[in-house]
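Notes follow once the structure below has been shown.
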Amino acid sequence: PTVFRDDPVRLLRALRLIGELGFALEPRTEDWMRGDAPLMAYASMERARDEFCKILAQENSVASLRQMDDLGLLAALLPEIDALKSVTQSPPHVYDVFEHTLRVVDELVKIQTRDYSDAANGEFAAELQSHFAKPVSADHTRGMLLRLAALLHDVAKPATRSVDAEGNIHFYEHERRGVEMSNAIMRRMRFSNDEIEIVTRAVREHLRPAQLARESRVSNRAAYRFFRDAGDAGIDTCVLALSDGRGKASSVDAPSDAAQRATNAALLDRYFHAPETVIAPPALIDGRTLMSELKMDAGPRVGELLEAIREAQVEGEIKTREDALAFARKTRTEERGR
């Protein structure tokens, strides 16, 4: 009866072994686990983190998450996830945020089980497998961390929920607030800085691919901006966005799903096939030269102008140092004329 009180991490280890070995939970042990579940909050976080990550990495991870919830362990370890229950959403969502979140994780597991073959219209499966197999810290892979990002992607919705005069539900800036909450959760669980960076970037940008999917095409400028902000976590974010869309309702919306897969393919094509021309093109000019040639003072406007040059460069509008200077002069002239 004292086994879990002696070491609360055993509460998670029990579920991990059930998932790994296909065991059932013995009734008396289940009663002890349910009674001792609150002790999870006082467990060694490093060891609890590792057991939880092993649960997340399993093929049946969502079943284990539901069992954690049933036993009270999810509320004790991650009260922020428990708080998603009964938080309703507007269409096309049909589930509350908690159920949607678990379904997003489940959809992601399905994509991963199929070796990412449908993440981008059948393209880049090998590249995605290689990317997500990479270990980030200890035996935590990017594939497992993506599951954690899926679990946390809407964590700030309870804190940001609002209802307008027409009765529409909004979650303004839940991505930004979600970064803060995900950071705090992962620091509490003693994840590394690299792991936190990957997950929080995916949380912050998780709506971007869906927004791009509503456009008629993905421009080089849009792809550049996306990966500029997301870094290589943009790859993770593409897969998360597809899972997010599939987790909104009981059946997948075929047109929006096709649009998202096509958008993922367009973004990944730029990332893998055009890194030096679209994703990270070499600088044609630096800030010091810009200030000297245009008689500009140091300040944020210099950086903004350099960024505008870079965006024109990825669109093929400028190709040389002289083009960059001409672009900058024209932009400054237009600014003065306003």
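The shown structure was predicted, so the numbers you read here are calculated from the model rather than taken from an experiment. The residues of the chain are indexed from 1 along the displayed sequence.
- A donor-acceptor contact closer than 3.5 angstrom links the side chains of E195 and S192.
- If you take CG on D70 and CG on L65, they are separated by 12.5 Å, rounding to the nearest 0.5 Å.
- Using a 4.0 Å cut-off between a side-chain N of Lys or Arg and a carboxylate O of Asp or Glu, R16 and E20 qualify as a salt bridge.
- Remark: D106 engages K110 in a salt bridge, criterion side-chain N to carboxylate O under 4.0 Å.
- Taking 4.5 Å as the limit, some side-chain heavy atom of V155 sits within range of a side-chain heavy atom of S182.
- A donor-acceptor pair under 3.5 Å is formed between the side chain of R49 and the backbone N or O of R190.
- Atoms CG and CZ, from D7 and R47 in turn, are 4.0 Å apart once rounded to the nearest 0.5 Å.
- Between D229 and R225 there is no salt bridge, since none of the side-chain N atoms of the basic residue sits less than 4.0 Å from a carboxylate O of the acidic one.
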Verdict with reasoning, T160 to R176, per side chain to side chain donor-acceptor pair (under 3.5 Å): CA-CA 10 Å; T160 57; R176 179 189 60 78; over 6 Å; no

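- Under a 3.5 Å cut-off, the side chain of E276 and the backbone N or O of P281 do not form any donor-acceptor pair.
- Counting heavy atoms from C-beta outward, Q89 and V97 have side chains that approach closer than 4.5 Å.
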Trace of the side chain to side chain contact (heavy atoms under 4.5 Å, CB included) decision for S250 with Y95: CA-CA 9 Å; S250 57; Y95 306 112; 3.4 Å; yes

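- Residues H131 and R142 bring a donor and an acceptor atom of their side chains to less than 3.5 Å of each other.
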Verdict with supporting geometry, H174 and H206, ring pair (Phe, Tyr, Trp, His ring centres under 6.0 Å): CA-CA 11 Å; H174 77 277; H206 76 269; 5.3 Å; yes

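- Within the model, atoms CG of L56 and CG of L108 stand 10.0 Å from one another, a figure rounded to the nearest 0.5 Å.
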Criterion side chain to side chain contact (heavy atoms under 4.5 Å, CB included) on L74 and D82, from CA distance to verdict: CA-CA 7 Å; L74 195 61; D82 189 65; 5.7 Å; no

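- Under a 4.0 Å N-O distance rule, the pair R228/E307 qualifies as a salt bridge.
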Intermediate values then yes/no, salt bridge (charged side-chain N to carboxylate O under 4.0 Å, His left out), D69 and K85: CA-CA 11 Å; D69 176 49; K85 293 176 180 175; 2.5 Å; yes

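- In this structure, H100 contributes its side chain and G247 its backbone to a donor-acceptor pair below 3.5 Å.
- To the nearest 0.5 Å, atom CG of residue D257 and atom CZ of residue R246 are 4.0 Å apart.
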Candidate pair E197 and N193, rule side chain to side chain donor-acceptor pair (under 3.5 Å), full reasoning: CA-CA 6 Å; E197 179 71 12; N193 289 336; over 6 Å; no

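- With salt bridges taken as basic N to acidic carboxylate O contacts below 4.0 Å, one links E30 and R34.
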Criterion side chain to side chain contact (heavy atoms under 4.5 Å, CB included) on T141 and K134, from CA distance to verdict: CA-CA 5 Å; T141 66; K134 293 175 184 173; over 6 Å; no

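- For the pair R201 and D236, the salt-bridge criterion is not met [side-chain N within less than 4.0 Å of a carboxylate O].
- A salt bridge is absent between E175 and R204: the closest approach of a Lys/Arg side-chain nitrogen to an acidic carboxylate oxygen does not fall below 4.0 angstrom.
- The one candidate from H140, M45, E46 that meets the side chain to side chain contact (heavy atoms under 4.5 Å, CB included) condition with F191 is H140.
- A side-chain N or O of T88 and one of R161 form a donor-acceptor pair less than 3.5 Å apart.
- The side chain to side chain contact (heavy atoms under 4.5 Å, CB included) with T101 is formed by just one residue from the set D244, L84, V87, L152; it is L84.
- In this structure R66 satisfies the side chain to side chain donor-acceptor pair (under 3.5 Å) test together with E99, sequence neighbours excluded.
- We find that D31 and R28 are not joined by a salt bridge, their nearest charged nitrogen and carboxylate oxygen being 4.0 Å or further apart.
- Within the structure, the ring pair (Phe, Tyr, Trp, His ring centres under 6.0 Å) test picks out no pair touching residues 28-82 (sequence neighbours left out).
- Counting only residues at least two apart or in different chains, ring pair (Phe, Tyr, Trp, His ring centres under 6.0 Å) contacts with residues 103-125 comprise Y116-F132, F124-F272, F124-H273.
- Between the side chain of T237 and the main chain of E205, no donor-acceptor pair closer than 3.5 Å is present.
- In this structure, CZ in R310 is found 14.0 Å from CD in E315, a value given to the nearest 0.5 Å.
- Using modelled atom types, no side-chain atom of E317 and backbone atom of F327 make a donor-acceptor pair closer than 3.5 Å.
- Cluster membership check: I18 shares its hydrophobic cluster with L77, using side-chain heavy-atom separations under 4.5 Å among Ile, Leu, Val, Met, Phe, Trp and Tyr.
- Atom CG in D96 sits 10.5 Å away from atom NZ in K157 (nearest 0.5 Å).
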